[in-house]
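Written below as structure tokens is the structure these notes are about.
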Amino acid sequence: MIVLFTDFGWRGPYVGQMKAVLAEAAPEQPVIDLLHDAPVFDPLLAAHLLAAHVDCFPAGSVFCAVVDPGVGSEREALVVRADSRYFVGPDNGLFDVLAARAAEAAYFRIHWRPEHLSNSFHGRDLFAPVAARLARGEAPEALALPLWRHFESSMGADLAKIIYIDEFGNAMTGLRARTLSCSDRVRVAGQRLAYARTFAEVSPGQPFWYPNSVGLVEIAVNRGSAADLLGLALGDALSRA
Amino acid sequence: MIVLFTDFGWRGPYVGQMKAVLAEAAPEQPVIDLLHDAPVFDPLLAAHLLAAHVDCFPAGSVFCAVVDPGVGSEREALVVRADSRYFVGPDNGLFDVLAARAAEAAYFRIHWRPEHLSNSFHGRDLFAPVAARLARGEAPEALALPLWRHFESSMGADLAKIIYIDEFGNAMTGLRARTLSCSDRVRVAGQRLAYARTFAEVSPGQPFWYPNSVGLVEIAVNRGSAADLLGLALGDALSRA
Amino acid sequence: MIVLFTDFGWRGPYVGQMKAVLAEAAPEQPVIDLLHDAPVFDPLLAAHLLAAHVDCFPAGSVFCAVVDPGVGSEREALVVRADSRYFVGPDNGLFDVLAARAAEAAYFRIHWRPEHLSNSFHGRDLFAPVAARLARGEAPEALALPLWRHFESSMGADLAKIIYIDEFGNAMTGLRARTLSCSDRVRVAGQRLAYARTFAEVSPGQPFWYPNSVGLVEIAVNRGSAADLLGLALGDALSRA
């Protein structure tokens with residue numbers, strides 16, 4: 001399957017144009033919209049968010065991921081292969097977290113270019129066609145050159161920041177929950193929050209942290225908005241406390 | 001087809017993860033997003049909204065419906081078969097209105113469990129896999145135990161409340177329009193509103209009630225927002241007047 | 001493929017009901033959501049927006065386009081064939097811009113009617129079934145009568161107004177970029193804006209105009225919202241300056 005992960009939002013004609021390209025170039029492939037409200041202009045937060053969701057998708061999945069403030073500049077376009085999944089998108093760090101955490105990862109610089117490449121919409125003109133060709137079984141070597149990439153060991157490390165706030169005001173962090181235990185408290189926005197197994201375990205209105213369904217520490221409130229209650233914003237720091 | 005009805009919103013990675021499960025487990029089945037902004041935390045309003053939309057879908061459709069404030073608690077998970085359609089979701093009243101209105105309905109308690117069941121996302125881990133298996137033709141008995149359920153006759157009755165407000169500010173009610181006649185007025189938010197056949201029949205800015213496209217009494221304003229003009233909110237009561 | 005272009009918004013049950021009709025009537029056809037936030041109640045702005053996006057889709061595509069403030073009134077329903085693509089929707093000017101710009105265009109008035117036609121949702125009851133039948137290869141003549149339409153030459157002309165504002169605050173105009181040169185300035189909201197090739201070429205916070213990815217003049221700000229910075233709204237006039 002082809003998986004879309006962008007900061008385009010659902011509004012507007014952008015996602016639709018990418019899907020039209022995919023429907024023409026890889027009509028047999030299901031296309032899944034994982035997320036279209038990735039942190040805008042922030043490839044680092046987006047990289048942690050993407051890395052947390054990779055395991056939900058089967059081997060062979062091709063991710064077309066676009067958080068790309070540098071579109072139209074000299075930044076390169078990448079294919080990354082990590083643990084039998086492919087990732088297509090800009091070379092701005094978006095794939096470095098998941099690649100550093102993978103058992104095996106290889107980077108390729110895309111040299112293929114479409115007949116017409118706009119300056120502002122590489123998602124439609126470059127990344128979607130490449131994703132379609134990979135999904136149809138072409139090897140990355142047909143479109144891209146192997147690229148040696150030095151990984152700092154820190155690239156795969158957890159990020160003690162808020163990386164996503166959902167529609168309900170729940171705040172995902174870049175901390176993997178397995179690094180904490182149930183007795184740990186989390187300090188964020190000047191408050192110390194205790195663990196709960198799930199929403200139904202705490203009183204309405206009470207904030208807590210819990211291991212969310214993709215394994216991240218998430219700050220939440222039963223039947224309320226943690227972001228509103230605690231005044232949380234993307235990028236806010238947190239710590240064990 | 002598999003029909004999704006949730007309160008997840010379009011933002012965030014939740015709908016996408018459910019669709020990834022469905023694409024793997026039932027790749028041949030079309031998946032239709034009926035609604036992702038069902039009344040949050042309010043299974044009763046959602047039950048009336050869902051019941052009004054069931055007839056738009058063909059026999060054999062499998063609804064995966066998630067309005068589930070009790071996720072992670074002891075509430076049961078259900079399959080309901082009603083008039084040749086299947087419904088999968090939490091046992092919190094969400095299916096009781098449509099079942100009470102059906103000519104034939106049967107309840108089943110899901111005993112099947114996935115290898116990994118998160119505490120906060122049964123839509124992805126439990127309901128979607130069960131929906132996929134039903135859509136592929138498995139009998140509910142393979143996954144669930146028949147459950148005897150006593151229906152109060154009132155369960156299928158109309159609800160004289162606002163159950164949904166759409167993007168334009170039109171307010172759907174839980175009243176079926178066939179229970180009113182064109183000469184009836186509807187009282188809501190301190191105002192008495194007359195019937196109109198459709199938007200184009202009244203002056204811009206004028207509020208009215210009309211039988212909407214799924215047969216419910218709907219409060220609307222031509223080229224304006226009824227919710228803003230009249231100060232309407234989910235759950236507001238109305239009456240014939 | 002079938003392409004949806006509406007002002008329904010993503011919220012609510014409207015897009016889903018149209019897709020259920022399409023999935024039943026044309027199960028083999030991919031359905032692409034081009035846009036669901038077309039200018040509400042404004043077929044003229046929507047006509048320019050639609051015309052700019054037609055070329056992104058292959059010959060044979062069937063557009064189901066609904067910006068239809070007159071639904072339920074006496075306005076006619078159309079099929080338009082323009083340069084090997086089909087368009088289904090209301091007869092309110094929505095297709096006149098693209099037809100006037102096409103090398104070849106023919107209009108048909110839809111006389112086919114479904115068993116049940118609601119007063120408020122022709123997208124589901126009339127336009128979607130017709131689009132499905134065209135997508136399956138039926139000729140428009142089976143559903144509609146040829147209609148002679150006189151085109152003013154001005155119908156295909158550019159519109160010097162803002163026709164769409166996206167989620168990021170970028171403002172598309174009805175001016176095709178090929179009518180301007182890089183040395184032209186654009187006057188809008190009391191400001192004169194210079195050309196830039198793309199976002200990455202200007203400083204963060206600086207407004208500019210650029211040829212967007214569908215060939216329109218677009219007003220933008222690097223890493224900011226042009227609509228907020230300049231106070232832009234749909235329909236605002238602009239000029240070369």
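Chain A is the first sequence line, chain B the second, and so forth, proteins listed ahead of strands; every chain is numbered from 1. Just the heavy atoms: all of them, side chains too, but no hydrogens, waters or symmetry mates, feed the values below. Please read all numbers here as calculations on a predicted model, not as lab measurements.
- With a 4.5 Å cut-off on non-hydrogen atoms, A:Val31 does not touch chain C at all.
- No other option in C:Leu4, C:Ile32, C:Asp37 has as many heavy-atom pairs under 4.5 Å with chain A as C:Asp37.
- Side-chain contact between A:Arg11 and C:His36 is absent, with no heavy-atom pair separated by less than 4.5 Å.
- Between atom OG of residue A:Ser120 and atom OH of residue C:Tyr210 there is a gap of 4.0 Å, rounded to the nearest 0.5 Å.
- Considering CG of A:Asp7 and CZ of C:Phe168, their distance stands at 5.0 Å, rounded to 0.5 Å.
- For C:Phe5, no part lies near chain A; criterion is any non-hydrogen pair under 4.5 Å.
- By the 4.5 Å heavy-atom criterion applied to side chains, C:Tyr164 and A:Pro13 are counted as neighbours.
- Of all the listed residues (C:Ala220, C:Pro58, C:Pro30, C:Ala38), the one sharing the greatest number of non-hydrogen pairs under 4.5 Å with chain A is C:Pro58.
- In this structure, CH2 on A:Trp10 lies 13.0 Å from CG on C:Leu35, to the nearest 0.5 angstrom.
- Using a 4.5 Å cut-off between heavy atoms, C:Leu34 contacts chain A through both its backbone and its side chain.
- Between chain C and the residues A:Ser73, A:Ser118, A:Gly72, the most heavy-atom pairs under 4.5 angstrom are made by A:Gly72.
- Between C:Phe57 and A:Ala20, the closest heavy-atom pair is CE2-CB, 3.3 Å.
- For the residue pair A:Pro69 and C:Arg223, the shortest heavy atom distance occurs at CB-NH2, 3.3 Å.
- Residues A:Arg124 and C:Ser213 approach most closely at NH2-O, 2.9 Å, considering heavy atoms.
- Other residues, nucleotides and ligands contribute more than 12 heavy atoms inside 6.0 Å of the CZ atom of C:Arg197.
- Heavy atoms closer than 4.5 Å to chain A are found in the backbone of C:Ile165, but not in its side chain.
- For the set C:Val3, C:Asp166, C:Asn222, the entry with the most heavy-atom pairs within less than 4.5 Å of chain A is C:Asp166.
- Rounding to the nearest 0.5 angstrom, the gap separating the CD atom in A:Gln17 from the CG atom in C:Asp33 is 13.0 Å.
- When all heavy atoms of A:Asn119 and C:Thr198 are compared, the pair lying nearest together is O-OG1, 3.3 Å.
- Of all non-hydrogen atoms in A:Phe8 and C:Glu167, the two that sit nearest each other are O-OE2, 4.0 Å.
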